[in-house]
Amino acid sequence: MSGAPVRGDGPGLLRAIESRLPGLRLLVDEGDREAYRRDETAYLPAGLPLAVALPVETAQVVALVRLCGEFDVPIVPRGAGTGLSGAAAGIEGALTIAFTRMDRILEIDGENLTVTTQPGIINARLKAAVGERGLFYAPDPASYEQCTIGGNLGTNAGGLCCVKYGVTRDAVLGLEVVMADGTLLRLGGKNVKDVAGYGLIPLLVGSQGTLGIVTEATLRLRPAPPPRSTLIAFFPSLDAAGRAVAGLTAAGLGPVTLELMDRYTIRAVDEVHRLGLDREAAAMLLVESDLPGTAAVAEMDAAVPVCEESGATSVIRAQDPQEADWLRQGRRLAYRALEHLGVARMEDVGVPRSRIPEMLAEIEAIAVRNRIAVGTFGHAGDGNLHPTFVLDRDEGDPAVVRLDAARGELYEAALRLGGTVTGEHGIGVARRDWLVRQRGPEAVEVMRSIKRALDPRDLFNPGRML
Ligand SMILES: Cc1cc2nc3c(=O)[nH]c(=O)nc-3n(C[C@H](O)[C@H](O)[C@H](O)COP(=O)(O)OP(=O)(O)OC[C@H]3O[C@@H](n4cnc5c(N)ncnc54)[C@H](O)[C@@H]3O)c2cc1C
């Protein structure tokens, strides 16, 4: 339960939806609603939605927003619910609008290299559809087979190839957005360059459903890159792997993937997926190049000495695309593999890349101090690490107390190193207390004034982020 009082006239809203939007699919049974109570943050308090609306078109979303305003019932926008900050979890008595049925690709424009889509499409499905036309949509969260483009826009999701191609925000050219008063805005479009007025698109992307609801997006595509050249390097210490990451960056290499896994994660992944990883290594890097022709192999050739000079005990090239796929998939499923070992809680700190070795040392020390197992993996090329604390399933409250202490120390360490408490998962509910610490009260007050201006009645995702 959320504990927060229920706001607005819920029964009145449901009656109005049924009479004014008869074609809309609306879930009101408790069992159905229960499935929308939580996102991937099962440990956070969450409320039971009043109902779950599953629109198929923009007009229904506009009508829902207007009705919610009329009956003063808050709205939680939701994609696939894979979020890791609690921002798509239910709010007691609020309407959850889930976009999973609003999942049509509206246009693939090969001339302008854009795709225009509804928000509910799964990231991997969009990638596959544009791939059939020889095109490539870059942002690829590890959850890409489950998460939606709307959710990616809500969180400004990153992913495995964002080190080269940028995060979701960098791929957005246009948005259709329903604002809190029911106004429908069309922002941007197919222009690659467009600086007319304030940048509303960058503001909305990553706003976690608190400022506007995305009903359509026009996204930037690229010609599909050639098959990748892939290597993995094993290191005797986390410090050595961290130095290799900094070294690869300093050497001016531009890998499309630069991912890290520590020993605890290597063992968990290898136990589940049997990839033949070196389970004695303290850390592993997955490095890939997608440069054209022989340049990819040359880029990986250049990566080998950097890894070796940093202390790599072995550097292994993937023999074929299938093997490279398995390695990539192993990294993608790192969190799921850690979940086999206990109750896993993924964190999301980021630091400047040169400070990765220090951050890794901090994480190890925090885990030892608080007597909690930790597996660290992440988008090392972006300086974005996911220390994942793993609690004994049977231990209960004492472990949670130690976990809370460890999380606090983790965030302190990230900020001390000039980093962030969240690289890509978002503040949501999970890290709300830390926003002021990181950004400062003045910046947060500016954020509050933006929220007040765009959503004065606090209709969209209240209590999230701010
Ligand atoms: C195993 C695993 C691996 C992951 N790997 C990554 C990763 O590599 N990179 C990464 O960035 N994240 C990762 N995540 C987190 C998560 O998948 C992403 O945050 C993803 O973007 C969420 O998409 P979703 O469709 O599940 O959205 P939800 O969780 O349903 O929603 C996320 C946010 O977007 C908002 N939202 C949803 N739809 C809309 C809309 N139409 N308009 C406005 N706001 C909307 C919601 O209100 C919420 O604030 C991972 C999660 C898991 C479980």
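As a basis for the values below, the full set of heavy atoms in this structure was taken, side chains included, without hydrogen atoms, waters or symmetry mates.
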**Student:** If only atom types and distance count, is the side chain of Thr420 paired as donor or acceptor with the main-chain N or O of Gly350 below 3.5 Å?
**Tutor:**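 The answer is no, because no donor-acceptor pair under 3.5 Å joins these two groups.
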**Student:** Backbone N or O of Ala51 within a donor-acceptor pair of the Arg33 side chain at under 3.5 Å?
**Tutor:**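 It does not hold such a pair.
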**Student:** I'd like to know if the side chain of Asp262 reaches the main chain of Thr376, judged simply by a donor and an acceptor atom lying under 3.5 Å from each other, with no hydrogens or angles considered.
**Tutor:**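 It does hold such a pair.
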**Student:** For Arg331 and Thr257, test the side chains for any donor-to-acceptor distance below 3.5 angstrom and give the result as yes or no.
**Tutor:** no
**Student:** Using 4.0 Å as the upper bound for N to carboxylate O, is an ion pair formed by Glu18 and Arg15?
**Tutor:** no
**Student:** Can you tell me how the ring of His425 sits relative to the ring of His386, calling it parallel under 30°, perpendicular over 60° and tilted otherwise?
**Tutor:** parallel
**Student:** Are Thr422 and Asp348 linked by a side-chain donor-acceptor pair shorter than 3.5 Å?
**Tutor:** yes
**Student:** Would you please say whether a donor-acceptor pair under 3.5 Å links the side chains of Glu424 and Thr155?
**Tutor:**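 The answer is no; no qualifying pair exists.
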**Student:** Looking at Glu412, Glu409, Arg355, Arg416, which hits side chain to side chain contact (heavy atoms under 4.5 Å, CB included) with Glu362?
**Tutor:** Arg416
**Student:** Will you find, in the side chains of Thr82 and Glu40, an N or O donor that is under 3.5 Å from an N or O acceptor?
**Tutor:**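 No.
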**Student:** Is the closest side-chain donor-acceptor distance between Glu347 and Tyr411 under 3.5 Å?
**Tutor:**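 Their side chains do contain a donor-acceptor pair, which is all the 3.5 Å distance test asks for.
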**Student:** Do you know which of Arg457, Lys451, Arg452 makes side chain to side chain donor-acceptor pair (under 3.5 Å) with Asp455?
**Tutor:**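 Passing option: Lys451.
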**Student:** Crowded around Arg104 CZ? As in, over 12 foreign heavy atoms under 6.0 Å?
**Tutor:**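 Not more than 12 within 6.0 Å, no.
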**Student:** By the definition side chain to side chain contact (heavy atoms under 4.5 Å, CB included), identify the one residue from Thr265, Val269, Val343, Val272 that meets it with Leu338.
**Tutor:** Thr265
**Student:** Might you confirm whether atom CD of Gln322 has over 12 heavy atoms from other residues, nucleotides or ligands at distances under 6.0 Å?
**Tutor:** yes
**Student:** At their closest point, which heavy atom of Ala406 faces which heavy atom of Ile372, and how far apart are they?
**Tutor:** CB-CD1, 4.1 Å
**Student:** Check for me whether Arg407 meets the cation-pi criterion with Phe389, that is, NZ or CZ under 6.0 Å from the six-membered ring centre and within 45 degrees of the ring axis.
**Tutor:** no
**Student:** Mark yes or no for whether Asn384, through its side chain, and Val349, through its backbone, hold a donor-acceptor pair below 3.5 Å.
**Tutor:** yes
**Student:** State whether the side chain of Thr215 and the backbone N or O of Glu176 hold a donor-acceptor pair below 3.5 Å, judged by distance alone.
**Tutor:** yes
